[in-house]
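This report refers to the structure that appears directly beneath it.
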Number of protein chains: 2
Amino acid sequence: MFDPSIDYGLLPSLTGYALRRASILDFSGFGESVGDRGITPLRYSMLELVGANPGLSQVELAEIMGLSRPAATLMIDFWQARECIARHANEADRRSYGIHLTDAGRQALATLQQLVREHDSRLTSSLSGDELRQLRLLLDRLNHPASRRPRTKN
Amino acid sequence: MFDPSIDYGLLPSLTGYALRRASILDFSGFGESVGDRGITPLRYSMLELVGANPGLSQVELAEIMGLSRPAATLMIDFWQARECIARHANEADRRSYGIHLTDAGRQALATLQQLVREHDSRLTSSLSGDELRQLRLLLDRLNHPASRRPRTKN
DNA sequence: CATTTTAGTTATTGTCAATAACAGTTATAA
DNA sequence: TTATAACTGTTATTGACAATAACTAAAATG
């Protein structure tokens, strides 16, 4: 995908470009790593979130994942069709459902977690342990910029 | 977008997840940074590549960018409609076109480069110069894994 | 109660990319 | 030559996805 006879101009100097390429690299191998079945990183992350936070409503789940409510409905449908997620009636408010893993969903998640861990290890296999920790630290700094205003002498 | 009352399970331990979030963060601000007009990172990168490598054919451009030929046609149409890219007839092979920037395209690219540089700086503004260099180094290692097989004692 | 708000679904639309089919041109080879 | 194959670019078709709006049912408000 990288052609040494081509001039990439400004692109190699942009962090955003490097991030995008790494993200695509991760994404492109993901399906194969988890045995496909239409499982994308985003869909996997829904299973992960439902597993760790059982009983969320669909709106809550949508908000956390940055999805619109219709998109959440569809993704929940996806997992429900595979019998991994169930909508539980909420007796206190009959408009909403509590979203839960089924037994099959718990098992699917456990398997997926192992496959995803291995996938992630392959992605970063060219880095040493120290380098990986450093990379994670820096990415987290990008994702959660701590101080809006740089600390002054104070 | 990050809710401290939620358990994200395995996700925070995955480098792929951090990369995806950073990439989305970059992407989501990009349009505004460049004054929109439908300009996405990918479309910008086509302008950059055409500027640095004038005369490429559409198949060459598609290959470099990882696009299908129809997708390249559409994206070239996009820039041609904005009078930034021109298809030059190729006298040696009348099937193909040489893709070039127009004068307006060169000017648009120069403006875009400045805006994109500023956008990229904002993205990484929470890092020091050393940290940024380190991040770029590590990302490049992910994107271009140097040695398939770790060096043994030699 | 009547009205408004909320949860979830369905319908509609638009974007985007992939595949296949197509037209025109060039290369190959009988 | 001439016919066959391969290649460049476009168009048509399809499918995945997400966004918006419209809709139903069920609270909440007053």
Side-chain angles (χ1 to χ4, degrees), chain A residues 1 20-21 23-24 27-28 30-32 34 36-47 49-50 53-82 85-100, chain B residues 1 20-21 23-24 27-28 30-32 36-46 49-50 53-82 85-100:
Chain A
M1 195 168 177
R20 203 169 324 124
R21 288 185 60 99
S23 196
I24 289 170
F27 195 99
S28 65
F30 189 90
E32 196 183 353
V34 302
D36 239 301
R37 297 312 314 145
I39 299 174
T40 63
L42 192 60
R43 283 171 175 160
Y44 155 70
S45 75
M46 172 175 277
L47 214 56
L49 287 166
V50 172
N53 308 273
L56 289 174
S57 74
Q58 300 195 190
V59 279
E60 290 168 332
L61 194 49
E63 261 174 30
I64 294 167
M65 297 187 62
L67 299 175
S68 65
R69 287 191 289 279
T73 294
L74 273 292
M75 198 174 292
I76 292 167
D77 287 348
F78 173 90
W79 283 118
Q80 191 173 50
R82 283 150 185 81
I85 275 185
R87 293 165 157 100
H88 289 183
N90 178 347
E91 310 201 340
D93 184 341
R94 289 181 306 171
R95 293 171 299 181
S96 77
Y97 301 102
I99 306 300
H100 294 262
Chain B
M1 196 167 176
R20 203 169 324 125
R21 288 185 61 99
S23 196
I24 290 171
F27 196 100
S28 67
F30 189 90
E32 195 183 355
D36 239 302
R37 294 317 309 144
I39 299 174
T40 63
L42 191 59
R43 283 171 175 160
Y44 155 70
S45 74
M46 171 175 276
L49 287 166
V50 171
N53 308 273
L56 290 174
S57 73
Q58 299 194 190
V59 279
E60 291 168 332
L61 192 50
E63 262 174 30
I64 294 166
M65 297 187 64
L67 298 175
S68 65
R69 288 191 288 281
T73 294
L74 272 292
M75 200 175 290
I76 292 167
D77 287 348
F78 173 90
W79 283 118
Q80 192 173 49
R82 283 150 185 80
I85 274 184
R87 292 165 157 100
H88 289 183
N90 177 348
E91 311 199 340
D93 184 343
R94 289 182 305 170
R95 290 171 300 183
S96 76
Y97 300 102
I99 306 299
H100 294 262

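Values reported hereafter were calculated over all heavy atoms of this structure, with side chains retained and with hydrogens, waters and symmetry mates removed. The shown structure was predicted, so the numbers you read here are calculated from the model rather than taken from an experiment. Chain letters run A, B, ... following the sequence lines, proteins first and then strands; every chain starts at 1.
- Side-chain proximity of A:Leu42 to D:dA18, C:dC16, C:dG8: nearest is D:dA18.
- For the pair B:Tyr97 and A:Ala71, both in contact range of DNA chain D, the more 5′-proximal nearest nucleotide belongs to B:Tyr97.
- Regarding contacts with the backbone of D:dC7, every side-chain N or O of B:Arg94 stays at 4.0 angstrom or more from both OP1 and OP2.
- Distance, A:Ile85 CD1 to C:dG8 C1': 15 Å, rounded to whole Å.
- The cationic group of B:Arg20 does not satisfy the cation-pi geometry with A:Phe27, failing either the under 6.0 Å distance to the six-membered ring centre or the 45° limit from the ring axis.
- Put simply, A:Ser68 has no side-chain N or O that comes within less than 4.0 Å of OP1 or OP2 on D:dA18.
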For this session: Report the C-alpha separation of A:Tyr44 and A:Leu49 in whole Å, then their side-chain angles, then the decisive distance to 0.1 Å, and conclude whether the side-chain contact (heavy atoms from CB on, under 4.5 Å) test is met.
Result: CA-CA 9 Å; A:Tyr44 155 70; A:Leu49 287 166; over 6 Å; no
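- Distances shorter than 4.0 Å separate none of the side-chain N or O atoms of B:Arg69 from OP1 or OP2 on D:dT10.
- When distances run from any side-chain atom of A:Ser96 to the nucleotides D:dT20, C:dA7, C:dA17, the shortest one goes to C:dA7.
- At least one side-chain heavy atom of B:Ser45 sits under 4.5 Å from a side-chain heavy atom of B:Met65.
- The two residues A:Gln58 and A:Tyr97 have their closest heavy-atom pair at OE1-CD1, 4.0 Å.
- The nearest whole Å value for the distance from the CD atom in B:Gln80 to the C1' atom in D:dG9 is 13 Å.
- Atom CG of A:Asp77 and atom P of C:dG8 are 12 Å apart (whole Å).
- When the nucleotides D:dA26, D:dC17, D:dG9 are ranked by their closest atom to the side chain of A:Asp93, D:dA26 comes out on top.
- A donor-acceptor contact under 3.5 angstrom links the side-chain atoms of A:Arg95 to the base of C:dT6.
- In this structure, A:Leu67 atom CG and D:dA18 atom P are separated by 7 Å, rounded to whole Å.
- For B:Gln58, the listed nucleotide lying nearest its side chain is D:dT10; candidates were D:dT10, C:dC16, D:dT20.
- Counting heavy atoms from C-beta on, the side chains of A:Arg87 and A:Asp77 come closer than 4.5 Å.
- In this structure, B:Arg87 does not reach the D:dT8 phosphate: none of its side-chain N or O atoms is under 4.0 Å from OP1 or OP2.
- Smallest separation of non-hydrogen atoms from A:Arg94 and A:Glu91: CG-O, 4.4 Å.
- Rounded to whole Å, atom C1' of C:dA17 lies 10 Å from atom CE of B:Met75.
- Atom-to-atom, NE2 of B:His88 to C1' of D:dT8 comes out at 18 Å; the value is rounded to the nearest Å.
- Note on B:Thr73: a base of the nucleic acid sits closer than 4.0 angstrom, heavy atoms only.
- A straight line from CG of A:Leu74 to P of D:dT20 spans 15 Å, rounded to a whole angstrom.
- Separating the CD atom of B:Glu91 from the C1' atom of C:dT25 is a distance of 15 Å, rounded to the nearest angstrom.
- The listed nucleotides are C:dT25, D:dT11, C:dA18; the one nearest the side chain of B:Pro70 is D:dT11.
- Judged by closest nucleotide on DNA chain C, A:Gly98 is the one of A:Gly98 and B:Thr40 placed further toward the 5' end.
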